[in-house]
S.K.: 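This is the structure I want to talk about, given as structure tokens.
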Amino acid sequence: MENILNYIIAGLANGCIYSLVAIGFVLIYKSSGILNFAQGTIVILNAFVFYSFTIQLGIPMVIAILLTLAFGALLGFVIERFILDRLIGQPILAVIILTLAFSEFLKGIMNLGWGTDILSAPQLFPRGNITILNIVTLDYSRIAFLVITFFLIIIFAIFYNKTKIGLAMKATSDDTIAAGSVGIRVRRVFVVTWIISCITAAAGGILVTNVMGIHIQVAEIGFKAMAVALVGGLQSLPGIIIIGPAMGIIEFLSAAYLDPLVDGGMRDLVPFIILLIVLIFRPSGIFGWKHIERI
Amino acid sequence: MLQLVNVEVRYHEVILVIRGISLEVQPGQIVSLLGANGAGKTTILKAISGILHHEDGKVSEGFVNFQGRRIDKLEPYATAEAGILHVMEGRRIFEHLSVEENLLTGAIMHGNGKTHSDLEKVYTYFPKLASVRKRTAGYLSGGEQQMVVIGRALMGRPKLFLLDEPSLGIAPLLIKEIFDILNAINRDEGISMLVVEQNARIALDFSNYGYVLENGRIVLDGPSDKIKQNEDIKEFYLGLSELGSRRSYKDFKHYSRRKRWL
Ligand SMILES: Nc1ncnc2c1ncn2[C@@H]1O[C@H](COP(=O)(O)OP(=O)(O)OP(=O)(O)O)[C@@H](O)[C@H]1O
Ligand SMILES: [Mg+2]
């Protein structure tokens with residue numbers, strides 16, 4: 001009983017990060033139809049940059065965090081303005097393939113820059129844990145994950161639902177041409193979308209490497225986030241916010257209870273089995289848009 | 001305020017769709033553009049608003065002027081900022097947004113404090129929208145959706161409306177209602193309008209001046225009353241013969257061969 005609760009909480013904390021990364025992924029998909037296969041690589045790249053700022057350059061933690069988020073924003077801007085801009089008018093598939101190529105390119109850069117060893121991330125939160133009512137033991141970093149991702153998602157939700165830029169993003173994702181026709185600067189919306197997406201990736205990178213260590217394999221989180229996005233429904237932000245934690249919990253439970261039975265590996269497999277099942281029965285995801293059809 | 005001078009439009013650099021037309025809209029005027037399917041009516045509106053650029057189309061000869069400024073190279077957002085609001089064919093609402101959110105998107109480009117009073121103004125012209133303001137726009141009826149896109153354009157405080165077949169697929173009674181409201185908007189807000197219609201009767205009743213387009217050329221233009229009196233227009237677009245009765249299909253075919261030189 002104690003154990004299962006611990007797994008659930010740990011899964012929940014990790015799953016929140018999936019949601020965070022998936023939000024960035026989905027925003028890009030919604031606004032432009034691009035599936036960004038580089039999302040996971042961007043997550044880990046930001047974590048490496050954070051490592052350099054803190055461990056290598058000795059910049060104080062808070063400033064390093066802000067600098068890393070700023071780096072994420074800059075990266076988003078550069079990708080949209082200088083790479084995707086050249087591909088306007090090309091088939092969307094070409095752009096998707098380009099994100100794959102870009103991902104490999106970044107991996108090469110990271111190998112050159114930071115090597116292939118697992119680096120240990122700077123310690124963000126004090127070590128230790130608290131036990132609640134003798135039932136659940138929570139370590140501080142898990143609590144911090146939950147609180148921080150919760151706040152980031154709230155901030156994002158307010159931005160998306162209450163600001164003009166958020167409204168412009170929603171309109172653009174519904175009908176790009178119509179958005180332009182009412183005076184929305186669609187190109188600017190794309191840039192903002194990429195910037196937000198890369199900032200969420202940076203936040204995710206800083207957090208997740210705190211428990212996983214920093215190495216290129218962490219880029220796999222991009223695929224987990226993609227699975228979360230597809231199960232939730234590619235257009236549904238609320239769906240993603242719900243599915244992320246659910247996926248995290250399922251993942252940790254399968255690691256705890258299934259892995260011993262089959263010599264491991266279930267932890268990474270189960271999310272994709274779920275994805276498969278969901279896609280077979282509900283191709284547009286659990287909370288996905290059904291195309292509005294009025295006849 | 002709007003002039004097209006010898007405008008030629010090509011898609012994909014080669015397909016010549018508009019073959020040198022000149023057209024003008026005066027301040028406060030309602031101008032209609034008539035023509036059969038594929039004549040190039042929508043293309044002309046796209047050339048004015050800049051949506052052409054998104055379809056690999058281009059003004060290859062001539063130019064488009066709006067208030068003394070050349071606009072045929074501008075993106076849609078820029079022509080919108082200049083005061084030209086294009087209400088596109090087929091009611092392009094943001095279907096997952098609410099009615100009110102749809103209207104608010106029209107005000108994004110202005111970004112100052114008058115949004116609220118603009119919204120109230122739209123609800124005054126379209127009282128029906130006020131009662132469905134929280135509804136998801138995709139589920140509205142066709143007529144309501146048409147009101148949403150006109151209201152959304154009105155939120156952009158336009159000087160000129162480009163209206164592409166606002167009557168398409170809407171019940172006759174509602175068509176009348178919508179055109180009455182457009183008339184009121186023209187009168188009270190002083191917004192000029194260039195309206196494309198296949199329904200010539202509605203368009204000529206609504207407008208002050210008309211152009212008739214065939215195969216990318218203007219074959220007739222004049223005050224709407226005059227155009228209504230034109231015998232060929234009566235026959236071909238209004239479906240009336242000299243005697244005021246419908247012609248048989250056989251005559252119709254014969255006529256369409258003859259009408260080329262018109
Ligand atoms: N994107 C495009 N690429 C190539 N040809 C096009 C494109 N859009 C329109 N055309 C062609 O241009 C011609 C005029 O089209 P347009 O849509 O302007 O006609 P229309 O008068 O609005 O017709 P309708 O009454 O059916 O709406 C048609 O022959 C059409 O096939
Ligand atoms: Mg048309």
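Chain A is the first sequence line, chain B the second, and so forth, proteins listed ahead of strands; every chain is numbered from 1. We use all heavy atoms of the structure for the numbers below, so side chains are in, but hydrogens, waters and symmetry mates are not.
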S.K.: Given a strict heavy-atom distance threshold of 4.5 Å, which part of B:Ala107 is in contact with chain A: side chain, backbone, both, or neither?
M.R.: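 The answer is the backbone of B:Ala107.
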
S.K.: Should we count CD1 of A:Ile280 as having more than 12 external heavy atoms under 6.0 Å?
M.R.: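 Enclosed: over 12 neighbouring heavy atoms sit under 6.0 Å from CD1 of A:Ile280.
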
S.K.: Got a second to check how far A:Arg187's CZ is from B:Tyr77's OH, nearest 0.5 Å?
M.R.: 10.0 Å

S.K.: Where along residues 82-91 of chain B does a heavy atom come under 4.5 Å of chain A, listed by residue number?
M.R.: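 Hits under 4.5 Å: B:Leu85, B:His86, B:Met88.
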
S.K.: May I ask you to check whether over 12 heavy atoms, not counting those of A:Arg188, lie within 6.0 Å of atom CZ?
M.R.: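 Counting neighbours around CZ of A:Arg188, 12 or fewer heavy atoms of other residues, nucleotides or ligands fall under 6.0 Å, so no.
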
S.K.: Can you say whether B:Leu97 sits under 4.5 Å from chain A via the side chain, the backbone, both, or neither, judging by heavy atoms?
M.R.: both

S.K.: Does NE2 belonging to B:His116 count more than 12 external heavy atoms closer than 6.0 Å?
M.R.: no

S.K.: Please classify the contact between B:Leu104 and chain A as side chain, backbone, both or neither, with a heavy-atom cut-off of under 4.5 Å.
M.R.: both

S.K.: Minimum heavy-atom separation for B:Ala80 and A:Ser181, please, with both atom names.
M.R.: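 That would be CB-O, 3.9 Å.
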
S.K.: Report yes if some heavy atom in the side chain of A:Asp174 is under 4.5 Å from a heavy atom in the side chain of B:Glu95; otherwise report no.
M.R.: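 A side-chain contact exists here, since the closest heavy-atom pair is under 4.5 Å.
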
S.K.: How far apart are the C-alpha atoms of A:Lys170 and B:Glu101, what are their side-chain angles, what is the distance that settles it, and do they pass the side-chain contact (heavy atoms from CB on, under 4.5 Å) test?
M.R.: CA-CA 10 Å; A:Lys170 286 189 199 172; B:Glu101 282 177 313; 3.1 Å; yes

S.K.: For B:Glu81, is it the side chain, the backbone, both or neither that has a heavy atom under 4.5 Å from a heavy atom of chain A?
M.R.: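 Only the side chain of B:Glu81 comes within 4.5 Å of chain A.
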
S.K.: Please list, in residue-number order, every residue in residues 149-156 of chain A that has a heavy atom less than 4.5 Å from any heavy atom of chain B; write 'none' if there are none.
M.R.: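 Expected list: none.
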
S.K.: Please look at B:Ser49 and chain A and tell me whether the side chain, the backbone, both or neither of the residue comes under 4.5 angstrom of a heavy atom of that chain.
M.R.: neither

S.K.: With a sphere of 6.0 Å drawn around CZ of A:Phe105, does it hold more than 12 non-hydrogen atoms of other residues, nucleotides or ligands?
M.R.: no

S.K.: Between A:Ile177 and B:Arg92, what is the shortest heavy-atom contact and its length?
M.R.: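 In this case the closest contact between A:Ile177 and B:Arg92 is CB-NH2, 3.4 Å.
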
S.K.: Do you know which of A:Thr172, A:Leu167, A:Asp175 makes side chain to side chain contact (heavy atoms under 4.5 Å, CB included) with B:Phe94?
M.R.: A:Asp175

S.K.: Does CD belonging to B:Glu120 count more than 12 external heavy atoms closer than 6.0 Å?
M.R.: yes

S.K.: For atom NZ of B:Lys58, decide whether the heavy atoms of other residues, nucleotides or ligands shown that lie under 6.0 angstrom number more than 12.
M.R.: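 Count not over threshold, so no.
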
